[in-house]
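Report on the following structure.
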Amino acid sequence: MSKDIDFQQTRFIQSGLAPKDWVEDSGLEVAFVGRSNVGKSSAINVVTNQKSLARTSKTPGRTQHLVFFEVYEGVRLVDLPGYGYAKTPIELRDEWQRRIVDYLSSRKSLLGLVIPMDIRRPFTPLDQQMMAWTGELQLPVHILLTKADKLSRGKANAVLLDVQRNWLEKYHASVQLFSASKRLGLEAARQQISNWLQNKS
Ligand code: GDP
């Protein structure tokens with residue numbers, strides 16, 4: 001088994017929406033993308049063991065940029081803009097969508113995507129749309145069923161099983177339970193990201 005990558009030194013390097021503001025497309029990247037307010041920033045923060053690397057917010061939809069973090073030289077985590085925030089003006093929403101599709105389809109350094117979904121509401125229509133794109137692009141996906149602490153252990157496991165049985169036939173991905181607040185599933189998430197990065201480096 002490969003040794004886990006140490007994510008603790010991860011630091012912000014750059015952010016932007018337009019491709020000219022993205023980090024040069026060399027090296028290796030794993031990106032996080034998900035519905036607004038699903039716990040994506042909290043997941044990035046616990047994975048990197050940093051309190052406020054990715055900005056969490058009570059105001060969903062605040063992170064409008066692609067945010068690049070460097071784990072170590074040539075290895076990055078990328079926080080993609082959250083989708084599905086109802087109050088986002090339509091023009092901005094269209095632009096984000098274009099940029100995300102643009103990024104996913106063109107990015108050579110992208111090895112895999114972590115998609116957090118709220119365990120109480122996984123596979124919303126926008127999540128399904130995202131899964132369909134990643135399927136077309138043949139991008140590896142790892143799903144975090146976030147806020148698992150909001151359900152009893154039995155209910156959380158039932159959702160996990162349901163996702164495995166009913167969704168992952170259609171959309172190819174791996175999936176796990178996750179809770180940023182309880183640090184549940186943290187090692188499994190780190191391991192998956194490490195595997196992607198190390199199988200390539
Ligand atoms: P993002 O918009 O997807 O980046 O979501 P955030 O990480 O900012 O989290 C959105 C809200 O969910 C915040 O109020 C967080 O405190 C809360 N949250 C995030 N992760 C968890 C979790 O594991 N458990 C619980 N109970 N709440 C969480």
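Just so you know, ligand 1 is whichever comes first in the structure, and atom 1 is the first atom listed for that ligand.
Of all atoms in ligand 1, listed by their number and element, those nearer than 4.0 Å to a heavy atom of Ser42 are 6 (P), 7 (O), 9 (O), 19 (C), 20 (N). Numbered from 1 in the order shown, with element, the atoms of ligand 1 that lie under 4.0 Å from a heavy atom of Ala180 read 20 (N), 22 (C), 23 (O). Within ligand 1, the atoms closer than 4.0 Å to a non-hydrogen atom of Ser179 are 23 (O), numbered from 1 in the order shown. Within the listing of ligand 1, atoms 1 (P), 4 (O), 7 (O) sit less than 4.0 angstrom from a heavy atom of Ser41.
Residues Met130 and Met117 fall within the same hydrophobic cluster, defined by Ile, Leu, Val, Met, Phe, Trp and Tyr side chains chained together at heavy-atom separations under 4.5 Å.
For the pair Leu66/Tyr103, a side-chain contact is recorded, criterion being any heavy-atom separation below 4.5 Å from C-beta on.
When the shell of 6.0 Å around CD of Gln9 is examined, it contains 12 or fewer heavy atoms from other residues, nucleotides or ligands. Other residues, nucleotides and ligands contribute more than 12 heavy atoms inside 6.0 Å of the CZ atom of Arg120.
In this structure, Val38 counts as a contact residue of ligand 1, since one of its heavy atoms falls inside 4.0 Å of the ligand.
In Asp149, the part holding a heavy atom less than 4.0 Å from any atom of ligand 1 is the side chain. Residue-level proximity to ligand 1 for Lys182 is absent, since no heavy atom of it falls below 4.0 angstrom.
Residue Ser36 places no N or O, backbone or side chain, under 3.5 Å from any N or O of ligand 1. For the pair Gly39 and ligand 1, the shortest N or O to N or O distance falls below 3.5 Å.
Formation of a donor-acceptor pair under 3.5 Å by the Asp102 side chain with backbone atoms of Arg99 is not found in this model.
Ring orientation note: the planes of His142 and Trp196 are nearly perpendicular, at an angle over 60° on the 30°/60° scale.
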Original post:
Could you walk me through whether Ile143 and Asp127 pass the side chain to side chain contact (heavy atoms under 4.5 Å, CB included) check?
Top reply: CA-CA 10 Å; Ile143 297 169; Asp127 292 326; over 6 Å; no
